[in-house]
Amino acid sequence: MNLNIVEYPDKRLKEISKEIEKFDEQLHKLLDAMYPIMMQSNGIGLAAIQVAHPKRAILLNIPDEDDEQSIDNLIEMINPIIMQKTGETIYQEGCLSVPSFYEDINRYETITVNYLDRDGNTKIIEVDGLLSIAIQHEVDHLNGVLFIDKLSYSRRKKFEKEYKKMLKEKKSSKK
Ligand code: Y12
Ligand code: CO
């Protein structure tokens, strides 16, 4: 399966992803193809909509204490639902669909997530720290929300200007 990262301002990123009902080979092929894309792009989280598949599936791979990512720490979440959320935290987020832009975003500190694994088994976990932030970021993707949608009006305006400039420079360097 050949996948590419969809980048802002592509309208597909606004789509609401559909619930997954079949835990079959087609789903496994999608998840298997998303993993190398995320790793090659230095990502720690990826939603299926970011590779043009509007399905409620996300991957998470948080680096360990040595800042290394390992497939042993890969978490695949199908149809995730954030059931409980408490506390507040701020983290400088980035997104593979919004390259070269990072901004402080407010999130819940601790969340409880209900999801299914690739075989349709129900899982419930309570998490905090970077994994909690990453899950909230990726679940937003499933609802067509990007972290830049959470910026203040003035910060968003500044972002749009900087991003447009970056896209223009990218285009002219390819000529
Ligand atoms: C905390 C905050 C955000 C998330 C969501 C997942 N985000 C990512 O995985 C972002 C990855 C990313 C990687 C980039 O590439 C490199 O650093 C080489 C990057 O840089 C460029 O686009 C130039 C931007 C974002 C989880 C937890
Ligand atoms: Co993202």
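Whatever order the structure lists them in is the order used to number ligands and atoms, beginning at 1. Keep in mind it's a predicted model, so treat the numbers as computed, not measured.
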Distance-only donor-acceptor check, side chains [X] and [Y], under 3.5 Å:
X      : Y      : answer
Gln50  : Ser97  : yes
Gln40  : Tyr35  : no
Ser173 : Glu169 : no

To the nearest 0.1 Å, how far is [atom] from its closest protein heavy atom, and which atom is that?
atom                    : value
atom 20 (O) of ligand 1 : Tyr102 OH, 2.9 Å
atom 2 (C) of ligand 1  : Glu93 CG, 3.5 Å
atom 23 (C) of ligand 1 : Ser100 OG, 3.4 Å
atom 9 (O) of ligand 1  : Ile44 N, 2.7 Å
atom 7 (N) of ligand 1  : Gly94 O, 3.1 Å
atom 18 (C) of ligand 1 : Asn42 ND2, 3.1 Å
atom 12 (C) of ligand 1 : Leu96 CD2, 3.5 Å
atom 15 (O) of ligand 1 : Ser41 O, 3.5 Å

Using a 4.0 Å cut-off to any heavy atom of [X], which atoms of ligand 1 qualify?
X      : value
Glu138 : 5 (C), 6 (C)
Leu130 : 1 (C), 27 (C)
Tyr91  : 1 (C)
Pro99  : 22 (O)

> Does Phe101 come within less than 4.0 Å of ligand 1, judged by its heavy atoms?
Replying inline: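 Contact absent.
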>> Can you tell me if Met38 contacts ligand 1 (heavy atom of the residue under 4.0 Å from the ligand)?
In response: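 Met38: no contact with ligand 1 (<4.0 Å).
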> Which is it for Phe101 and Phe159 under the ring pair (Phe, Tyr, Trp, His ring centres under 6.0 Å) test, yes or no, and what are the steps along the way?
Replying inline: CA-CA 8 Å; Phe101 185 75; Phe159 159 75; 4.4 Å; yes
> Is His137 touching ligand 1 with its side chain, its backbone, both, or neither, if touching means heavy atoms under 4.0 Å apart?
Replying inline: side chain
Please answer whether the main-chain N or O of [Y] pairs with a side-chain N or O of [X] as donor and acceptor at a distance below 3.5 Å.
X      : Y      : answer
Lys55  : Lys18  : no
Gln69  : Gly43  : yes
Gln136 : Ser132 : yes
Arg107 : Thr89  : no

>> Consider side-chain contact (heavy atoms from CB on, under 4.5 Å). Of Ile78, Asn121, Ile81, Ile20, which one does Leu116 pass it with?
In response: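 One option only clears the test, and that one is Ile78.
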> What does the angle at the Co ion (ligand 2) come to, between atom SG of Cys95 and atom NE2 of His141, rounded to 10°?
Replying inline: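 Here the angle at the metal atom is close to 100°, to 10°.
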> Do you know which of Arg155, Arg156, Lys158, Lys150 makes salt bridge (Lys or Arg N to Asp or Glu O under 4.0 Å) with Glu103?
Replying inline: Arg155
